[in-house]
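Notes to accompany the following structure.
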Amino acid sequence: SEGAGAGALALEAERPKGGGPRAASTSPSCPGCGPPGPGAQCPGTPRSAPAGGAELSAHLWARYQDMRRLVHDLLPPEVCSLLNPAAIYANNEISLRDVEVYGFDYDYTLAQYADALHPEIFNAARDILIEHYKYPEGIRKYDYNPSFAIRGLHYDIQKSLLMKIDAFHYVQLGTAYRGLQPVPDEEVIDLYGGTQHIPLYQMSGFYGKGPSIKQFMDIFSLPEMALLSCVVDHFLGHGLEFDQAHLYKDVTDAIRDVHVKGLMYQWIEQDMEKYILRGDETFAVLSRLVAHGKQLFLITNSPFSFVDKGMRHMVGPDWRQLFDVVIVQADKPSFFTDRRKPFRKLDEKGSLQWDRITRLEKGKIYRQGNLFDFLRLTEWRGPRVLYFGDHLYSDLADLMLRHGWRTGAIIPELEREIRIINTEQYMHSLTWQQALTGLLERMQTYQDAESRQVLAAWMKERQELRCITKALFNAQFGSIFRTFHNPTYFSRRLVRFSDLYMASLSCLLNYRVDFTFYPRRTPLQHEAPLWMDQLCTGCMKTPFLGDMAHIR
């Protein structure tokens, strides 16, 4: 199901009063229930069912109704709103007591931007395409749609397909778009040789750029995906021939020009109150860390004048005194891998100096450089360093995999997704999907004509529930974290490249500076997870679950 897993939240209900724990059901006909015990009978077993025909169909629908009632009874209103949007979530155990040095990216990490920035980027890049790349004037009729795309999507350049891919390289059917129009599932499967699977050699490389497929991983890519889809939509709608690779490059170059020409920097600098969010909270986080004796550094690709104005707005004129090292225009991710670029010092006006850098001084500003010189000059190594950034590839991947730093991912979309997960509609939809899936799995042994009709009706309902749940997050692509049941490719990277993830840096204010984050043990498929379908069909392995099956 779409969204962060809410798997067994219903299991938090009270145990029934009176009576000892009942033995777990162990029917041999129930997958995963284990060897049978004396006289054991699993409610999911067909042994006591009618032989077939209409009677068997009625039996299946009776089981269906029993399960619906049980799901309803096990989900009281208070089971919703259990997740905190301001919490920090751990992929790996980490104690802040051991962290001595905190590092930060700037854009979408120290500085959170309002969504109002996206239409500005879209409009400027659209106009660049028309005026400088001589694209059709008709493209100007398109406006930015903030509800169209989500972060983490893949774009197949040669097929002009924007799509959502799961952790196993499968396209989620119903989430492939060419331009602004959905591509039928049958066509998607045909385009990839009769499968939904994208081969590894075509998929994104280490930094999200494969030979023919690009993954959009940062928040700035939202207007880029929207513009790319609008331009393709115009060309297709007017029957204009075009080379997919040229169109893709022109759009990405136009988006790049918005950044290179400093247009985005100008908009933000002219109205910081409008575009910069949570500046006071950023100041509170930095001040708190310094007060507890932590060392801070900043590594950003943005220019000094832009960072300086933003930090003065959020923190004050003495912001540099909070940081032991400040590096601008670092050119990440090559900053982490290319040893050739030396550090250059900037003066107070931002002009380059020519002296050789033998140490990194507090209060000074440095440009470019590389991580290897940074490590040599600071001696900040390994797990005592925690670095925060919003881009899983450019900010975090190298630091975790090659250098052993701890990493924290800033995922602003997390706040909205958790608020959706906390709704009663999502919780009931997800729980019933899981229960219905378990019922389908256990009742598929019935293959007479009437039973197949019942199973087909359940399959149809399950698919409808999946689509409803998906649309709660985004009508076209659903949640950034899940396909119908698997993690997305974005989630796979998030888990691989970050120890912690959170909606904003301000979430740190909710925890002590010596707090230890413990990831929840995520059950593997063979580890008897407490899934809702096991609870509702009575296929449980512990006395506790045996008790829970009889709650009404």
Checklist entry - For the side chain of Thr431 and the backbone of Met427, is there at least one donor-acceptor N/O pair under 3.5 Å apart? => result yes
Using atom types as modelled, flag every donor-acceptor pair under 3.5 Å from a side chain in residues 307-315 to any protein atom, sequence neighbours excluded.
{"from": "Asp308", "atom 1": "OD1", "to": "Arg312", "atom 2": "NE", "distance (Å)": "3.3"}
{"from": "Asp308", "atom 1": "OD1", "to": "Trp319", "atom 2": "NE1", "distance (Å)": "2.8"}
{"from": "Asp308", "atom 1": "OD2", "to": "Arg312", "atom 2": "NE", "distance (Å)": "3.0"}
{"from": "Lys309", "atom 1": "NZ", "to": "Glu269", "atom 2": "OE1", "distance (Å)": "3.4"}

Item to check | Which atom of Ser491 lies closest to which atom of Phe481, heavy atoms considered | outcome: OG-O, 2.6 Å
Checklist entry - Would you say Lys164's side chain and Ser479's backbone share a donor-acceptor pair under 3.5 angstrom? => result yes
Checklist entry - Less than 4.5 Å apart, any side-chain heavy atom of Asp105 and any of Ile410? => result no
Item to check | Thr252 side chain to Tyr248 backbone, donor-acceptor under 3.5 Å | outcome: yes
Next on the checklist: Do Thr469 and Gln433 pair up side chain to side chain, a donor and an acceptor below 3.5 Å, judged on atom types alone?
Outcome noted: yes
Checklist entry - Do other residues, nucleotides or ligands put more than 12 heavy atoms under 6.0 Å from the NZ atom of Lys249? => result no
Checklist entry - Which residues satisfy the ring-ring contact (aromatic ring centres under 6.0 Å, His included) test with Phe220, sequence neighbours excluded? => result Tyr108, His259
Checklist entry - Does the Lys470 side chain pair with the main chain of Gly174, one donor and one acceptor, at a distance under 3.5 Å? => result yes
Checklist entry - Under the 3.5 angstrom rule, does the side chain of Asn474 hit a backbone N or O of Phe477 as a donor-acceptor pair? => result yes
Checklist entry - Are the side chains of Tyr387 and Thr109 in touch, meaning some heavy atoms are under 4.5 Å apart? => result no
Item to check | Point-to-point distance, once rounded to the nearest 0.5 Å, from CD of Gln266 to CD1 of Ile268 | outcome: 11.0 Å
Next on the checklist: I'd like to check the ring-ring contact (aromatic ring centres under 6.0 Å, His included) partners of His403; sequence neighbours left out, ordered by chain and number.
Outcome noted: Phe372
Checklist entry - Can you name the residues that form a side-chain contact (heavy atoms from CB on, under 4.5 Å) with Asp324, not counting sequence neighbours? => result Gln295, Lys362, Trp380
Checklist entry - Taking the side chain as C-beta and beyond, is there a heavy-atom pair between Tyr170 and Asn486 under 4.5 Å? => result no
Checklist outcome for this item: Exactly one candidate in Arg419, Met502, Arg416 meets side-chain contact (heavy atoms from CB on, under 4.5 Å) with Pro85; the answer is Arg419
Checklist outcome for this item: Residues passing the side-chain contact (heavy atoms from CB on, under 4.5 Å) test with Arg256, sequence neighbours excluded, are Asp253, Val260
Checklist entry - Can you name the ring-ring contact (aromatic ring centres under 6.0 Å, His included) partners of Phe388, sequence neighbours left out? => result Phe104
Checklist entry - With no hydrogens and no angle check, is any side-chain donor or acceptor of Lys364 less than 3.5 Å from a backbone partner on Val325? => result no
Next on the checklist: Within the 4.5 Å heavy-atom criterion, are Tyr275 and Glu120 side-chain neighbours or not?
Outcome noted: yes
Item to check | Any side-chain heavy-atom pair of Tyr89 and Ile418 under 4.5 Å | outcome: yes
Checklist entry - Side chains of Ile219 and Glu413: closer than 4.5 Å at any heavy-atom pair? => result yes
Checklist entry - Any ion pair linking Arg482 and Glu417 (charged N to carboxylate O, less than 4.0 Å)? => result no
Checklist entry - Taking the six-membered ring for Trp, are Phe335 and Phe374 parallel (under 30°), tilted (30 to 60°) or perpendicular (over 60°)? => result perpendicular
Next on the checklist: Checking the side chain of Ser394 only, and the main-chain atoms of Lys332 only, is there a donor and an acceptor separated by less than 3.5 Å?
Outcome noted: no
Checklist entry - Which pairs, with at least one residue in residues 382-392 and sequence neighbours excluded, count as a salt bridge (charged side-chain N to carboxylate O under 4.0 Å, His left out)? => result Glu100-Arg384
Next on the checklist: Quick one, Arg151 with Asp218, criterion salt bridge (Lys or Arg N to Asp or Glu O under 4.0 Å). Give me CA distance, side-chain angles, the key distance, then yes/no.
Outcome noted: CA-CA 7 Å; Arg151 190 151 56 126; Asp218 65 2; over 6 Å; no
Item to check | Worked verdict on Asp143 versus Arg126 for side-chain contact (heavy atoms from CB on, under 4.5 Å) | outcome: CA-CA 9 Å; Asp143 294 318; Arg126 178 198 61 197; 3.9 Å; yes
Quick one: side chains of residues 507-520, donor-acceptor pairs under 3.5 Å with protein atoms, not counting sequence neighbours, listed by atom name and distance.
{"from": "Asn510", "atom 1": "ND2", "to": "Ala86", "atom 2": "O", "distance (Å)": "3.0"}
{"from": "Tyr511", "atom 1": "OH", "to": "Ile88", "atom 2": "N", "distance (Å)": "2.9"}
{"from": "Arg512", "atom 1": "NE", "to": "Asp514", "atom 2": "OD1", "distance (Å)": "2.9"}
{"from": "Arg512", "atom 1": "NH2", "to": "Asp514", "atom 2": "OD1", "distance (Å)": "3.4"}
{"from": "Arg512", "atom 1": "NH2", "to": "Asp514", "atom 2": "OD2", "distance (Å)": "2.9"}
{"from": "Asp514", "atom 1": "OD2", "to": "Arg97", "atom 2": "NH2", "distance (Å)": "3.4"}
{"from": "Thr516", "atom 1": "OG1", "to": "Ser95", "atom 2": "OG", "distance (Å)": "3.2"}
{"from": "Arg520", "atom 1": "NH1", "to": "Tyr518", "atom 2": "O", "distance (Å)": "3.0"}

Item to check | Member of Leu377, Val326, Asp373 meeting the side-chain contact (heavy atoms from CB on, under 4.5 Å) criterion with Leu360 | outcome: Leu377
Checklist entry - To the nearest 0.5 Å, how far apart are CD1 in Ile150 and OG in Ser221? => result 10.5 Å
Next on the checklist: The test is side-chain contact (heavy atoms from CB on, under 4.5 Å); show your working for Asn370 and Asp338 and say whether it passes.
Outcome noted: CA-CA 6 Å; Asn370 64 82; Asp338 189 346; 5.7 Å; no
Checklist entry - Step by step, would you call Glu281 with Ser506 a side chain to side chain donor-acceptor pair (under 3.5 Å)? => result CA-CA 6 Å; Glu281 295 174 3; Ser506 61; 2.9 Å; yes
Checklist entry - Could you go step by step and tell me if Leu505 and Arg278 meet the side-chain contact (heavy atoms from CB on, under 4.5 Å) rule? => result CA-CA 9 Å; Leu505 206 59; Arg278 295 177 167 173; over 6 Å; no
Checklist entry - Are there more than 12 heavy atoms of other residues, nucleotides or ligands under 6.0 Å from atom NE2 of His246? => result no
Tell me which donor-acceptor pairs under 3.5 Å the side chains of residues 223-233 have, and how far apart each pair is, sequence neighbours excluded?
{"from": "Ser229", "atom 1": "OG", "to": "Met225", "atom 2": "O", "distance (Å)": "3.0"}
{"from": "Asp233", "atom 1": "OD2", "to": "Tyr142", "atom 2": "OH", "distance (Å)": "2.6"}

Checklist entry - Between His292 (side chain) and Arg288 (backbone), is there a donor-acceptor pair under 3.5 Å? => result yes
Next on the checklist: Please list all pairs meeting salt bridge (charged side-chain N to carboxylate O under 4.0 Å, His left out) that have one or both residues in residues 495-508, counting only residues at least two apart or in different chains.
Outcome noted: Arg406-Asp499
Next on the checklist: So does Gly152 get a backbone contact from the side chain of Gln215, meaning a donor-acceptor N/O pair under 3.5 Å?
Outcome noted: yes
Next on the checklist: With side-chain contact (heavy atoms from CB on, under 4.5 Å) as the criterion, how do Trp405 and Val101 come out once you've worked through the C-alpha distance, each side chain's angles and the decisive distance to 0.1 Å?
Outcome noted: CA-CA 10 Å; Trp405 286 10; Val101 184; over 6 Å; no
Checklist entry - Which residues pass the side-chain contact (heavy atoms from CB on, under 4.5 Å) test with Asn145, sequence neighbours left out? => result Ser147, Phe148
Checklist entry - Are Asp107 and Tyr113 close enough that a side-chain donor and a side-chain acceptor fall under 3.5 Å? => result yes
Item to check | Partners passing side-chain contact (heavy atoms from CB on, under 4.5 Å) against Ser305 (at least two apart in sequence or in another chain) | outcome: none
Item to check | Aromatic ring proximity, centroids under 6.0 angstrom, Phe297 and Tyr366 | outcome: no
Item to check | N/O donor-acceptor pair under 3.5 Å between Tyr489 side chain and His154 backbone | outcome: no
Next on the checklist: I'd like to know if Arg381 pairs up with Glu379 as an ion pair, taking the criterion as any Lys NZ or Arg NE/NH1/NH2 lying under 4.0 Å from an Asp or Glu carboxylate oxygen.
Outcome noted: no
